[in-house]
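The structure under discussion appears below in the form of structure tokens.
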Amino acid sequence: MSADIGLRFDTNGVDWAEAAAIFERAPLGTREPDTLRRTFENSDLTCFARDGERLVGIARALSDRTVQSVIYDLCMLPEYQGKGLGTRMMRAMLERLGTPSCVLWAVPGKEPFYARLGFHPMLTAMALSDDPEGAAARGYITL
Ligand SMILES: CC(C)(COP(=O)(O)OP(=O)(O)OC[C@H]1O[C@@H](n2cnc3c(N)ncnc32)[C@H](O)[C@@H]1OP(=O)(O)O)[C@@H](O)C(=O)NCCC(=O)NCCS
């Protein structure tokens with residue numbers, strides 16, 4: 001089923017309200033459509049999965065295209081999860097990024113999905129946050 005879904009890597013024609021709805025329904029949190037648009041338009045690589053006209057999955061990455069990349073915001077509609085689409089989007093992005101190193105922050109509990117793609121837990125990642133208590137409550141940092 002995932003094979004029928006088209007992947008695109010440019011932001012042309014993206015309905016950001018549709019993208020924000022995916023972000024919320026996945027669920028990955030809440031992001032205003034215009035905030036989502038700015039984060040994607042300012043990224044080095046974006047990936048959009050479409051089932052026909054319908055946007056069903058999104059992801060983005062920052063990259064120096066030489067040494068390091070960081071992948072953010074991979075998510076898809078619940079009814080499209082567990083069918084290989086996330087793996088396809090990750091592989092397509094990693095191939096396009098082409099850097100020897102890539103990092104990401106998994107949603108707590110999603111680490112096994114990334115481990116299957118060859119990612120390892122990081123032991124020294126450090127984060128600056130304007131809401132450290134919230135980040136700690138969501139399981140991303142320790143205080
Ligand atoms: C996490 C997510 C991106 C994975 O994409 P997906 O299309 O559902 O995953 P796939 O179907 O490609 O899964 C590939 C394999 O990983 C496994 N897998 C997926 N999520 C997993 C999890 N949380 N824990 C363990 N294994 C998992 C699947 O069982 C599958 O194994 P199989 O090939 O033996 O069947 C997607 O489920 C999603 O959008 N979730 C909600 C938002 C989110 O948490 N995003 C991650 C941000 S870090």
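Both ligands and their constituent atoms are indexed starting at 1 by order of listing.
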Atom 43 (C) of ligand 1: closest protein heavy atom, distance to 0.1 Å, is Leu28 CD1, 3.7 Å

Other residues, nucleotides, ligands: >12 heavy atoms within 6.0 Å of Leu128 CG:
no

Numbered in order shown, the ligand 1 atoms found under 4.0 Å of a heavy atom of Val107 are 44 (O), 47 (C), 48 (S)

Per-atom contact, atom 45 (N) of ligand 1, protein heavy atoms, under 4.0 angstrom:
yes

Under 4.0 Å from one or more heavy atoms of Ala26, ligand 1 contributes atoms 41 (C), 42 (C)

Q. Between Asp51 and Arg54, is there a donor-acceptor pair closer than 3.5 Å when you use the side chain of the first and the backbone of the second?
A. no

So the atoms of ligand 1 within less than 4.0 Å of a heavy atom of Gly109 turn out to be 23 (N)

- Could you check Glu18 against Phe48 for side-chain contact (heavy atoms from CB on, under 4.5 Å), going step by step and ending with a plain yes or no? CA-CA 11 Å; Glu18 199 179 11; Phe48 299 93; over 6 Å; no

Checking heavy atoms under 4.0 Å, the part of Trp105 that sits near ligand 1 is backbone

The atoms of ligand 1 lying under 4.0 Å from a heavy atom of Tyr114, numbered in the order shown, are 46 (C), 47 (C), 48 (S)

When distances are taken from atom 36 (C) of ligand 1, the protein heavy atom at minimum range is Gln81 CG, 3.8 Å

Looking at Met89, Arg116, Arg88, the heavy atom closest to atom 33 (O) of ligand 1 belongs to Arg116

Exercise for review: Determine if the distance from atom 23 (N) of ligand 1 to the closest protein heavy atom is below 4.0 Å.
Suggested key: yes

Assess whether atom CD of Glu111 is packed by more than 12 heavy atoms of other residues, nucleotides or ligands within 6.0 Å. yes

Exercise. Can any side-chain N or O of Thr99 pair as donor or acceptor with the backbone N or O of Leu97 at less than 3.5 Å?
Worked result: no

shortest atom 1 (C) of ligand 1-to-protein heavy-atom contact is with Lys110 CD, 3.9 Å

closest protein heavy atom to atom 39 (O) of ligand 1 is Met76 N, 3.0 Å

* To do: For Arg88 and Ile5, indicate whether the former's side chain and the latter's backbone hold a donor-acceptor pair under 3.5 Å.
  => yes

Heavy-atom closest pair (Val103 atom, Met122 atom, distance to 0.1 Å) is CG1-SD, 3.8 Å

### Query
Any non-hydrogen protein atom below 4.0 Å of atom 28 (C) of ligand 1?
no

Paired with Met93, the side-chain contact (heavy atoms from CB on, under 4.5 Å) test is passed by just one of Ser69, Cys102, Cys47, Ser63, namely Cys47

So for Thr87 against ligand 1, with non-hydrogen atoms under 4.0 Å, the contacting part is both

A student comparing Gly82, Pro112, Gly86, Ala106 should find that the heavy atom closest to atom 25 (C) of ligand 1 comes from Pro112

Exactly one candidate in Leu94, Ile71, Leu7 meets side-chain contact (heavy atoms from CB on, under 4.5 Å) with Met89; the answer is Leu7

- [ ] Could you check whether the rings of Phe40 and Trp16 sit parallel, tilted or perpendicular, using 30° and 60° as the cut-offs?
- [x] tilted

- Output yes when the distance from some N or O of ligand 1 to some N or O of Lys83 is under 3.5 Å, and no in every other case. yes

re atom 11 (O) of ligand 1, the protein heavy-atom contact at minimum distance is Gly84 N, 2.6 Å

Among non-hydrogen protein atoms, atom 3 (C) of ligand 1 lies closest to Leu74 CD2, 3.5 Å

the protein heavy atom lying closest to atom 20 (N) of ligand 1 turns out to be Phe113 CB, 3.8 Å

- Query: Just by distance, with hydrogens left out, do Thr11 and Thr46 show a side-chain donor and acceptor under 3.5 Å apart?
  - Reply: no

Taking only non-hydrogen atoms of Cys75 and a 4.0 Å limit, the atoms of ligand 1 in range are 39 (O), 42 (C)

task: Check step by step if side-chain contact (heavy atoms from CB on, under 4.5 Å) holds for Arg25 and Leu77.
output: CA-CA 6 Å; Arg25 281 195 58 210; Leu77 291 172; 3.5 Å; yes

